[in-house]
There are 2 protein chains.
Amino acid sequence: MKSHPITIKDIARVLGISPSTVSRALKDHPDISPKTKNLVKTFAEKVNYRPNALALSLRSSKTNTIGIVIPEIVHHFFSTVISGIEDVAYGRGYNAIICQTNENYQREVIDLQALIDNRVDGILVSMSKNTHEFTHFNNVKENGIPIVFFDRICEALSTDRVIADDFEGARIATRHLINQGCKKIMHLAAPQHLLIGKNRKEGYYSALKESKLECEERLILKCDTREAVFAKADDVIRLASEIDGIFAVNDSTAIAVMQVLQRNGYKIPKDIAVVGFGDGPNANIAYPPLTTVEQKGYDIGQAAMRLLIGHIEETVEDDEFETKIFTPELVERTSSQYGIDFTYK
Amino acid sequence: MKSHPITIKDIARVLGISPSTVSRALKDHPDISPKTKNLVKTFAEKVNYRPNALALSLRSSKTNTIGIVIPEIVHHFFSTVISGIEDVAYGRGYNAIICQTNENYQREVIDLQALIDNRVDGILVSMSKNTHEFTHFNNVKENGIPIVFFDRICEALSTDRVIADDFEGARIATRHLINQGCKKIMHLAAPQHLLIGKNRKEGYYSALKESKLECEERLILKCDTREAVFAKADDVIRLASEIDGIFAVNDSTAIAVMQVLQRNGYKIPKDIAVVGFGDGPNANIAYPPLTTVEQKGYDIGQAAMRLLIGHIEETVEDDEFETKIFTPELVERTSSQYGIDFTYK
DNA sequence: GTGTATATTGCAAACGTTTGCGGAATATAT
DNA sequence: ATATATTCCGCAAACGTTTGCAATATACAC
């Protein structure tokens, strides 16, 4: 059973003709007589001949394969992005090699090198959190391989980029609360040394300002995980009586804070309206269903792949780079309908 | 910048020696003099020479690449499996090409063919739901490529397999409820033509029987999605007063049913204890935190990859196949602590 | 019949490696 | 000095393709 696959040479030998003739016959080269073409094609069909992609790649130095380097595949956002990438890649005849760095810089370097070694036609990258050295990215460029960053971009390099607009997303979320009638809105924030933490807080501030609402430091709680929320439950409760809305930096903290409040007799969204920031499929499961801004992972993936193809197939100049920004979209559910007494059914 | 990468030939030309000497020098062949070795190595280092993986693969017919074919990458279970696969693959020097079929048979056929064309060393597959024809899998075997199925296995083919034990998982979950003191347990079931639906129900029955509890058809509700639960909310409520436990076929229905019950004044787990079946990271977010049996996706992935390596590297006989079964593990949280009055903190 | 155009095929090199074998140069033994 | 062993290196083929060019064969015109 471990018979090696049929090659052009095999066909040539059996048919008593030369490999070149077989090759040309298979791709309808005009030089070949109809008789020979027929002979070759039917035989190739019969033995289920398939060209060796490796040999093709070696000769043409085109692998029709792209590399994807991401921190973690289990994050819903990233697997959504991958779906977007794959769908357009598939449509254009590309395969994808996916590498997970696990937020590990060393691994990122190795993965990139492996992709270069395998002569992929292009690379899509979302940087690991602790990557602060960029020579491995430059290495990719020096090997003439196009590279596109998405989400976790590298500002030091001039490349194509596709990002979600965290600032605007936060502004939309906060503005939505204001439109619902909220006047005093708490913010659960991520660490400010992370871009998303900073941008989302700025967006929150910006929305407050444009509605002439006061920006109060004391209404900002540093907690971006479920556990952190429970740890700061006392702070939440202390402020609860004076606030009427909460914008949380992600969905799990939004859900957690709802639970803390409910536990203490507050009604969501009757007393306090809540909006999250989409990082997964949890929003629907929350009680009440969580209003959130959804990052368009699928679209981001598609856009990144399209930009990459532009450079691979050189329909765009070598040194002409673009930054595509996707604004998250508000998905209104129940948690933000301030004043409404929510019950299922 | 689009300069082609340095090759052995380039090095040979510059150094005025033959490619064969360069090749041997780089891999410390004893035939080469120390002086030449040094010369070659330092030069190769300097110009950052990297062997062309394509050329290597073509020559050795070994690509050090494996293919993964799965229905959907966004499902938490599958992305967990992928992590398991990748981690052992990485440790053994393999890259992974991931193909998503989107539950599409045609796509599955095409993906498999692409993997064969690229001469991957082995393939890991979880079948698409509507795959009932298996010639494409046989095609893989006929090309001498080892194949291992996981989760969605193909019973018609003799290959290695790695699966989760749904029957046992359901039994464990139900038994746990019984141990908590539940005597009348409802089951939210998936369609019985699906393997998981059937196996999990059987496991539920089995646990009841072993404790001499009655198996009542009327305690089985056919609903396996969140929406289905809300649609059947009336049926749930009607039965609620006489039951003391619920085993749900997956976590989202478990969470939904808890919400329906809570909405109607029932306390979880005081009045009714609930156990789910792990399909994602939702269990922690539920209120109260959901006890569930977790399918060990990561372990399944690791095991599958190890089996595959066994065949690729022929440490195991060609026609010797193994089936590895992973029993889900009960993760006890709050929702199943029958009789307890739950509140956060 | 010769000459020329045309149709059809094969040779050989190339993509970047590895490797069996042979050969030149040097060293050792007699 | 010759014979033999040892050290070091290059040639060429191979992996499976494609393709420029040369070669053969056939057809057509005169």
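Letters go in sequence order (proteins before strands), and every chain restarts at 1.
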Next item on the list: For the pair Arg24(B) and Asp31(B), find out whether any cationic side-chain nitrogen is under 4.0 Å from an anionic carboxylate oxygen.
Entry: no

Check: Can Lys41(B) and Asp28(B) be counted as an ion pair, charged N to O under 4.0 angstrom?
Finding: yes

Checklist line | Inter-residue atom distance Arg152(A).CZ - Thr131(A).OG1, 0.5 Å rounding | finding: 9.0 Å

Next item on the list: Grab the CZ-P distance between Arg13(B) and dG10(D) for me, whole Å please.
Entry: 15 Å

Next item on the list: Please check the phosphate of dC9(D) (OP1 and OP2 only) for any side-chain N or O of Thr36(B) closer than 4.0 Å.
Entry: yes

Check: Once you build an axis from the first five pairs and another from the last five of the helix from dG1(C)-dC30(D) to dT30(C)-dA1(D), how far apart in angle are they, to 10 degrees?
Finding: 70°

Notebook entry, point to check: Expressed in angstrom and rounded to an integer, what is the separation of Lys37(A) atom NZ from dT8(C) atom C1'?
Noted result: 11 Å

Next item on the list: Report which part of the nucleic acid Ile17(A) touches: base, sugar-phosphate, or nothing (heavy-atom distance under 4.0 Å, all strands).
Entry: sugar-phosphate

Notebook entry, point to check: Leu15(A) has an atom CG; how far is it from atom P of dT8(C), in whole Å?
Noted result: 17 Å

Notebook entry, point to check: Roughly how far, to the nearest 0.5 Å, is the CD1 atom of Ile110(A) from the OH atom of Tyr90(B)?
Noted result: 3.5 Å

Check: Nearest-Å distance, CD1 (Ile32(A)) to P (dT18(D))?
Finding: 12 Å

Notebook entry, point to check: Whole Å only: how far is the CD1 atom of Ile11(B) from the C1' atom of dT17(C)?
Noted result: 12 Å

Next item on the list: Check whether the side chains of Asn64(B) and Lys62(B) place a donor and an acceptor atom closer than 3.5 Å, and report yes or no.
Entry: yes

Checklist line | Side-chain donor-acceptor contact under 3.5 Å, Ser23(A) with Ser20(A) | finding: no

Check: Between dC8(D) atom P and His29(B) atom NE2, what is the distance in whole Å?
Finding: 12 Å

Checklist line | Distance in angstrom units between Asp31(A) CG and dA25(D) C1', rounded | finding: 14 Å

What protein N or O atoms touch nucleotides 14-16 of chain C N or O atoms at under 3.5 angstrom, if any, and at what distances?
from	atom 1	to	atom 2	distance (Å)
dA14(C)	N3	Arg59(A)	NE	3.4
dC15(C)	OP2	Lys9(B)	NZ	3.1

Margin query: Measuring centre to centre across the rings, with the benzene-like ring taken for any Trp, is Phe43(A) within less than 6.0 Å of Tyr49(A)?
Written below: no

Note to self: For Tyr105(B) together with His132(B), are the ring centres under 6.0 Å from each other?
What the structure shows: no

Note to self: With a 4.0 Å limit, can you tell me whether Ser23(B) has a side-chain N or O closer than that to the phosphate oxygens OP1/OP2 of dT18(C)?
What the structure shows: yes

Margin query: Please determine whether a side-chain nitrogen or oxygen atom of Ser20(B) lies at a distance below 4.0 Å from atom OP1 or OP2 of dG10(D).
Written below: no

Next item on the list: Verify whether the ring centers belonging to His311(B) and Phe321(B) lie closer than 6.0 Å.
Entry: yes

Check: What is the distance from CZ of Arg24(A) to C1' of dT19(D), rounded to the nearest Å?
Finding: 6 Å

